Structure formats: C-alpha cells, structure tokens
Amino acid sequence: MAERPQIAILGAGIFVRNSYIPRLAEISDLFILKAIWSRSQESAKGAVEIAKKFFPEVECKWGEAGLDDIIQNSSIIGVAVVLAGQTQVDMSLRLLKAGKHVLQEKPAASSISEVETALSSYNSFGTTLPSRPIWAIAENYRFEPAFLESKKMMAEIGDVMNVQVIIEGSMNSSNPYFSSSWRRDFTGGFILDMGVHFIAGLRMMVGCEITSVSANTSHIDTTLPPPDIISSTIQLENGCSGVFVMVVSSRSPKVLWRVVGLKGTIQVERGNKEGKHGYSVALFTAGGQSNSWFYPFCGVTEELKTFLSDISTVTLKKNQSYQAEPRLSYLEGARDIAVLDAMLESGKRQGAPVQVKRF
Ligand SMILES: *[C@@H]1O[C@H](CO)[C@@H](O)[C@H](O)[C@H]1NC(C)=O
Ligand SMILES: *[C@@H]1O[C@H](CO)[C@@H](O)[C@H](O)[C@H]1NC(C)=O
Ligand SMILES: *[C@@H]1O[C@H](CO)[C@@H](O)[C@H](O)[C@H]1NC(C)=O
Ligand SMILES: *[C@@H]1O[C@H](CO)[C@@H](O)[C@H](O)[C@H]1NC(C)=O
C-alpha cells in the first residue's frame with residue numbers, strides 16, 4: 001500500500017467541525033490526520049473530540065507551543081489552514097516558509113494589497129527553498145461537476161453575448177456563520193467572504209477574465225456587516241458584458257448563473273433533488289429545446305482529494321516535475337478577490353469604472 005500523507009488542521013471553528021471533519025472522514029483512507037490545532041486549548045479539544053470518532057490517533061495541539069510541534073514535525077507534510085480571514089495569509093506564509101504544503105480556506109486574502117504581498121513572499125520562496133511547497137486555496141466551486149460540465153457545454157451556445165449572476169443569500173440569524181466574530185469585522189463583509197465562490201463559478205464557466213466593473217454598493221440590512229448589497233455591471237475580456245448582483249440575506253434565496261450565447265443559453269442554479277443539495281444545469285438551444293441535469297454538491301471532497309494527491313506526488317513520490325492542479329492554485333483565489341475588490345472600490349466611488357487587477 002502506498003505511503004499516506006500526514007496532515008494537520010489549523011482551526012477548530014464551525015467550518016472545521018461541520019465541513020472539514022465530516023468530508024475528510026469520507027476519504028480517511030487517503031491520509032493520516034495527525035493533529036488539530038487552535039489558539040485555545042478548549043477550542044482545539046472540542047474539534048478533536050468530534051474528529052476522534054473517525055481519526056482515533058489525532059492529537060490535540062494549541063497555542064504557540066502546539067503550533068511549533070506541528071511546524072517542527074517533518075512527518076507532517078500538509079496543513080489545512082481554516083482560521084479567521086484576517087489571519088490566514090500570515091499563517092499560511094509561515095507554514096510555507098517551513099516547507100509545508102498548505103490548503104488555505106478561502107478567501108485567498110482580505111484585500112488586494114494582502115494578495116500582492118502574499119504573492120511576492122510566496123514567489124520569493126522559489127529561490128530560497130529547494131522546491132516551493134504547494135499553496136492551494138479551498139474554494140470548492142472549481143471542483144463542482146456543475147461548473148465543469150457547463151464549461152464543456154459552452155461550445156454549444158456559440159459566441160457569448162451576456163452573462164448574469166444573481167445571488168440572493170440566506171445569511172440570517174439562523175445561519176451558523178451569521179455571528180462569527182471575524183466575519184463581522186471583515187472589510188467587504190459577507191460580499192467578499194461569500195462572493196468569491198460566485199465569481200469563481202462564473203470565471204470557471206465562461207473561461208475568461210473580468211476586466212472592469214462598475215458597481216453600486218449599499219448597506220440596508222443593518223443586522224449584517226456592510227456592504228450587504230452590490231449591483232455591478234461587468235466587462236469581460238471577450239468583449240461581452242454582464243451583471244453581478246448579490247444580496248447577502250434575502251427571504252427567497254436564489255443562486256443563479258446564466259450565460260447567453262448566439263445559439264443558446266446555459267443556466268446553473270442551486271437547488272435540491274431527492275433530498276440532495278446541488279446544482280441544476282440547463283442548456284437551452286435553438287428551437288426552444290432544453291435539457292437539464294442535476295449535480296449534487298461534491299466540490300469540497302473533490303478538492304480535498306486533489307490536494308492530498310498533489311502533496312503525495314510531490315513529497316512522497318518526490319516527483320518534482322509534477323504540476324499541482326491549477327484549479328487549486330493561490331492565483332485563482334487571488335483573481336476572485338481582485339474582481340470583488342474592484343466592485344467594492346467602484347461602490348465606494350459611486351459606480352466609477354474600476355479595472356480589475358491582473359494576476
Ligand atoms: C512527529 O510525528 C511522528 C510520527 O507520528 C512522531 O513519532 C514524532 O515523535 C513527532 N516528532 C516531533 C518532533 O514531534
Ligand atoms: C433564514 O433563512 C432561511 C432560508 O431562507 C429561513 O428558512 C429561515 O426561516 C430564516 N431565519 C430567520 C430568522 O429569518
Ligand atoms: C512526474 O510527473 C510528470 C508530470 O505530471 C509525469 O509526466 C511523470 O510521469 C511523473 N513521473 C513519475 C516518476 O511518476
Ligand atoms: C450608483 O451609481 C450611479 C452611477 O455611477 C451613481 O450616480 C449613484 O449615485 C450610485 N448610487 C449609490 C447609492 O451609490
């Protein structure tokens with residue numbers, strides 16, 4: 001049997017407990033979970049208790065000393081960083097510098113200036129480390145079959161004329177992330193934290209970049225951090241235009257992408273079928289014909305599998321010529337931030353057109 005990579009998780013919050021641990025448990029034969037770390041002992045212990053059911057060997061680590069144990073232990077080759085959005089980049093860089101492969105939870109950074117410093121630090125490791133560790137961003141949408149399939153269907157709709165992304169979220173007090181303290185203090189609010197997913201979905205489908213935006217932002221639901229509403233026009237590098245609308249909390253949630261081409265339209269919409277949450281993809285073609293398919297969510301699992309396979313190939317099989325999966329790269333996460341950062345900037349300037357920074 002092939003050697004399994006050993007990994008650690010930094011963070012013990014809701015997302016680790018409700019998403020990372022159960023998804024990792026489904027693929028527990030692919031790796032060894034060595035440790036879960038948190039700033040506080042109590043929080044680390046809480047997550048370790050949940051994880052022990054699936055990973056009886058997992059160790060509980062906390063504080064600076066616990067972090068050092070993880071960093072110093074060369075048998076741990078990969079680390080998932082699932083911390084407050086404001087601290088993730090610093091932590092990821094610290095681990096990368098120590099030679100660990102990192103899977104950082106989105107968003108890739110908390111601002112465009114943080115993206116720039118992050119990329120220049122990471123690129124500088126290329127010259128100081130024998131080989132640069134992988135820095136992956138967990139955003140999962142690039143791994144959802146709905147987006148992979150709709151990307152393949154793009155050829156059937158001919159030249160793209162227009163794109164529409166309409167998001168009405170359900171971030172109200174019933175949502176476990178609603179009161180999460182770091183999200184309350186995050187510049188860009190839930191628009192940046194959640195919005196990267198929707199931009200990732202769009203970029204993935206159309207396979208081309210957004211070049212400039214003009215947006216109005218507002219803050220109407222004061223139970224949410226600002227801004228909670230954004231209406232943006234977007235310009236794509238293929239010459240077509242579109243709209244991106246996001247309402248963080250709505251009474252009638254809707255998550256929808258439409259790409260309108262000369263010969264047809266592709267629509268992706270969140271929904272559920274037979275008790276499973278996922279996306280339905282519809283293809284409308286000439287003569288009023290339409291076909292639709294339903295794809296249950298599996299992006300988080302697919303993404304974790306890809307990261308584990310990448311780090312095994314690079315470190316355990318020592319294949320240095322191997323290219324890590326580009327859909328997981330820090331750059332892709334950075335590009336999603338760049339689009340939202342431009343929209344938020346335009347919103348601050350009453351809708352003035354803003355160029356999206358290229359990475
Ligand atoms: C690192 O982990 C290995 C394998 O679990 C363990 O045997 C070893 O004691 C650890 N080393 C340090 C320095 O903590
Ligand atoms: C929050 O939104 C969900 C989904 O729309 C809804 O079922 C729930 O009743 C809402 N809760 C509150 C407190 O408004
Ligand atoms: C290393 O990775 C490259 C690129 O993916 C692949 O072509 C090659 O076969 C791999 N080499 C080994 C020894 O697995
Ligand atoms: C929205 O953008 C338009 C066009 O730039 C601008 O005239 C208007 O003042 C903006 N509205 C708000 C509420 O910022």
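For the numbers below, each heavy atom of this structure counts, side chains included, while hydrogens, waters and symmetry mates do not. Computed from a predicted structure; not experimentally measured.
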Go through it in stages, so that I can follow the logic: the residues are Arg132 and Leu96, the test is side chain to side chain contact (heavy atoms under 4.5 Å, CB included), and I'd like the CA-CA distance, side-chain angles, deciding distance and then a yes or no. CA-CA 8 Å; Arg132 202 167 49 170; Leu96 290 160; over 6 Å; no

Verdict with supporting geometry, Lys45 and Glu42, salt bridge (Lys or Arg N to Asp or Glu O under 4.0 Å): CA-CA 5 Å; Lys45 264 172 105 174; Glu42 192 192 351; over 6 Å; no

Under the criterion side chain to side chain contact (heavy atoms under 4.5 Å, CB included), I'd like the reasoning laid out for Leu33 against Ile21: C-alpha separation, chi angles, the key distance, then a yes or no. CA-CA 10 Å; Leu33 180 61; Ile21 295 173; 5.7 Å; no

Before you tell me yes or no, could you show the steps for Arg94 and Glu64 under salt bridge (Lys or Arg N to Asp or Glu O under 4.0 Å), namely the whole-Å CA-CA distance, both residues' side-chain angles and the distance that decides it to 0.1 Å? CA-CA 13 Å; Arg94 184 170 166 188; Glu64 268 307 300; 3.0 Å; yes

Please determine whether salt bridge (Lys or Arg N to Asp or Glu O under 4.0 Å) holds for the pair Lys305 and Glu302, giving the CA-CA distance in whole Å, both sets of side-chain angles, and the decisive distance to 0.1 Å. CA-CA 5 Å; Lys305 279 191 197 162; Glu302 289 305 311; 3.6 Å; yes

Please evaluate residues Arg327 and Glu303 with respect to the criterion salt bridge (Lys or Arg N to Asp or Glu O under 4.0 Å), reporting the C-alpha separation (whole Å), side-chain torsions for both, the decisive distance (0.1 Å), and the verdict. CA-CA 9 Å; Arg327 281 175 294 153; Glu303 186 172 70; over 6 Å; no

Using side chain to side chain contact (heavy atoms under 4.5 Å, CB included), reason through Leu10 and Leu95 one step at a time and then give a plain yes or no. CA-CA 11 Å; Leu10 303 193; Leu95 293 159; 3.6 Å; yes

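A donor-acceptor pair shorter than 3.5 Å cannot be found between the side chains of Thr285 and Glu156. Under the 3.5 Å distance criterion, with hydrogens and angles disregarded, no donor-acceptor pair is assigned to the side chains of Asn162 and Arg258. Counted by atom type alone, Glu325 and Thr306 present zero donor-acceptor pairs between their side chains at under 3.5 Å.
Here the side chain of Trp37 pairs a donor or acceptor atom with the backbone of Gly63 at under 3.5 angstrom. Between the side chain of Tyr330 and the backbone N or O of Ala108 there is at least one donor-acceptor pair closer than 3.5 Å. Under the 3.5 Å distance criterion, the side-chain polar atoms of Gln88 are matched with a main-chain donor or acceptor of Leu83. At distances below 3.5 Å, at least one donor-acceptor pair connects side-chain atoms of Arg184 with backbone N or O atoms of Phe178. Proximity of a side-chain donor or acceptor of Tyr322 to a complementary backbone N or O of Ile311 within less than 3.5 Å is not detected. Without hydrogens or angle criteria, Asp341 side chain to Ile337 main chain gives no donor-acceptor distance under 3.5 Å. Between the Thr313 side chain and the Ser309 main chain, a donor and an acceptor come within less than 3.5 Å of each other. A donor-acceptor pair under 3.5 Å is absent between the side-chain atoms of Gln267 and the main chain of Val259, judged by distance alone. Looking at Ser280, its side chain never comes within 3.5 Å of a backbone N or O of Phe294 through a donor-acceptor pair. For Thr211 (side chain) and Gln235 (main-chain N/O), a donor-acceptor pair under 3.5 Å exists by modelled atom type.
For the pair Val300/Ser19, a side-chain contact is recorded, criterion being any heavy-atom separation below 4.5 Å from C-beta on. Under the 4.5 Å side-chain criterion, counting only non-hydrogen atoms from C-beta, Arg270 is in contact with Phe297. Between Arg4 and Leu316 the shortest side-chain heavy-atom distance does not fall below 4.5 Å. Counting heavy atoms from C-beta on, the side chains of Met343 and Val354 never come closer than 4.5 Å. Residues Phe143 and Thr301 are not in side-chain contact: their nearest non-hydrogen atoms beyond the backbone lie 4.5 Å or more apart. Side-chain contact between Val268 and Glu144 is absent, with no heavy-atom pair separated by less than 4.5 Å. Between Leu304 and Leu103, the closest side-chain pair of non-hydrogen atoms falls below 4.5 Å. Using a 4.5 Å heavy-atom threshold, the side chains of Ser43 and Arg17 count as touching.
There is no path of hydrophobic side-chain contacts, each under 4.5 Å, that joins Val260 to Ile234. Under the 4.5 Å side-chain heavy-atom criterion for Ile, Leu, Val, Met, Phe, Trp and Tyr, Leu256 and Phe244 are members of distinct hydrophobic clusters. Met154 and Met161 fall into different hydrophobic clusters, where Ile, Leu, Val, Met, Phe, Trp and Tyr side chains are chained together by heavy-atom contacts under 4.5 Å. When the side chains of ILVMFWY residues are joined at heavy-atom separations under 4.5 Å, either directly or via intervening members, Val165 and Val243 end up in two distinct hydrophobic clusters. One hydrophobic cluster holds both Ile137 and Met91 under the rule that ILVMFWY side chains link at heavy-atom gaps under 4.5 Å.
Taking CD1 of Ile220 as the start and CD1 of Ile229 as the end, the distance is 4.0 Å to the nearest 0.5 Å. From Ser241, atom OG reaches atom CD1 of Ile210 across 12.0 Å, with rounding to the nearest 0.5 Å. For the atom pair CG (Asn216) and OG (Ser231), the distance works out to 6.0 Å, reported to the nearest 0.5 Å. A distance of 4.5 Å separates CG of Asp336 from CZ of Arg142, quoted to the nearest 0.5 Å. Taking OG from Ser28 and CZ from Arg23, the interatomic distance works out to 12.5 Å, rounded to the nearest 0.5 Å. The distance from atom CD of Glu149 to atom OH of Tyr295, rounded to the nearest 0.5 Å, is 4.0 Å.
Shown here for Trp257 and Gly201, the closest heavy-atom pair between the two residues is NE1-C, 3.9 Å. Minimum interatomic distance between Ala334 and Leu119 (heavy atoms only, all atoms of both residues): CB-CD1, 4.5 Å. The minimum heavy-atom distance linking Thr217 with Gly347 is given by the pair OG1-CA, 3.4 Å. Taking each heavy atom of Ile157 and Thr265 in turn, the nearest pair found is CG2-N, 3.6 Å. Lys100 and Asn73 get closest at one heavy-atom pair: NZ-O, 2.8 Å. Scanning all heavy atoms of the two residues, the minimum distance from Ser232 to Val213 falls at OG-CB, 3.7 Å.
Between Phe55 and Phe31, a ring centre-to-centre spacing shorter than 6.0 Å is recorded.
Screening Val314, Ile134, Thr315 against Ile77 for a side chain to side chain contact (heavy atoms under 4.5 Å, CB included) leaves a single residue, Thr315. Residue Glu209 is tested with Arg358, Lys357, Arg203 for a salt bridge (Lys or Arg N to Asp or Glu O under 4.0 Å); the sole match is Arg203.
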Side chains of residues 187-200: which donor-acceptor partners sit under 3.5 Å, not counting sequence neighbours?
unit_1 : atom_1 : unit_2 : atom_2 : d
Asp193 : OD1    : Lys106 : NZ     : 2.7
Asp193 : OD2    : Arg183 : NE     : 3.0
His197 : ND1    : Glu139 : O      : 3.0

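Salt bridge annotation for Lys52-Glu49: absent, with no cationic side-chain nitrogen under 4.0 angstrom from a carboxylate oxygen.
For residues 340-359, no pair satisfies ring pair (Phe, Tyr, Trp, His ring centres under 6.0 Å), with sequence neighbours left out.
Below 30°, between 30° and 60°, or above 60°: for Phe15 and Tyr20 the angle between ring planes is above 60°, a perpendicular geometry.
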